[in-house]
Amino acid sequence: AQSVTQPDIHITVSEGASLELRCNYSYGATPYLFWYVQSPGQGLQLLLKYFSGDTLVQGIKGFEAEFKRSQSSFNLRKPSVHWSDAAEYFCAVGFTGKLIFGQGTTLQVKP
Amino acid sequence: ETGVTQTPRHLVMGMTNKKSLKCEQHLGHNAMYWYKQSAKKPLELMFVYSLEERVENNSVPSRFSPECPNSSHLFLHLHTLQPEDSALYLCASSQGGGSNYGYTFGSGTRLTVV
């Protein structure tokens, strides 16, 4: 069955440090891939998406993600984290007309 | 401006009350969704409407009753809720199933059942 796994439930990084959030999916073909961010008490905002072509995708707020077919992964990265990046991050996979969401990773940023 | 507006933002209701949550999208999408998000739990898909017809109901208790009068509006009618129904309720919309372009979410309604 198709699934999305975010292995890290909670991550803490220092402000200014680099960030990588992991996402793995299980699907027979190349899916559509998304990353969303949710600030406390808010809805989900789309950060970036991958359909095809260049496997390195740029998004809003300085985020990027890389699709690696061989690893079935779509990890989210940011070179230098800001305190305002503290939030919950969701990876999602689109297939057969649906989005399947991972369980989310909570990012805490230390001053 | 996300294009999906949810009202109210916060709602406190007793277990015997009846209330409704409203969602409106201004994006011309043809599918709308209700999600429940409880603390420390993953997103739970509750209902899916496509072209104003309910196409998915994920074993949601009957005390939650959705209504989609047109492609721009979605309601969630609530009655005789339980304290465990306290959560953030999110509405989303998409063009088609959303697998190509993703969903656009509203800011949610924070529901507290007392």
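Naming convention: chains lettered A, B, ... in sequence-line order (proteins, then strands); numbering from 1 in each chain.
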Can [Y] be reached from [X] by stepping across I, L, V, M, F, W or Y side chains whose heavy atoms are under 4.5 Å apart?
{"X": "B/Phe75", "Y": "B/Val4", "value": "no"}
{"X": "A/Ile11", "Y": "A/Leu76", "value": "yes"}
{"X": "B/Met15", "Y": "B/Met13", "value": "yes"}
{"X": "A/Leu56", "Y": "A/Leu48", "value": "no"}

Might you point out which heavy atoms bring [X] and [Y] nearest each other, and give the distance in Å?
{"X": "B/Phe105", "Y": "A/Leu44", "answer": "CB-O, 3.4 Å"}
{"X": "B/Tyr35", "Y": "A/Leu99", "answer": "OH-O, 4.4 Å"}
{"X": "A/Gly41", "Y": "B/Arg9", "answer": "O-NH2, 3.3 Å"}

Taken to the nearest 0.5 Å, the spacing of B/Gln37 CD from A/Gln38 CD works out to 4.0 Å
Rounded to the nearest 0.5 angstrom, the CG-OH distance for B/Leu43 and A/Tyr36 is 10.5 Å
_Within the supplied structure, the quantity of interest is the number of heavy atoms (other residues, nucleotides, ligands) at a distance under 6.0 Å from A/Glu88 CD; does it exceed 12?_
yes
Is it the case that more than 12 heavy atoms not belonging to A/Ile60 sit under 6.0 Å from its CD1 atom? yes
Looking at B/Tyr103 versus A/Phe34, is the centre-to-centre ring distance below 6.0 Å? no
When the 4.5 angstrom heavy-atom criterion is applied to A/Gln45 and chain B, the contacting part is neither
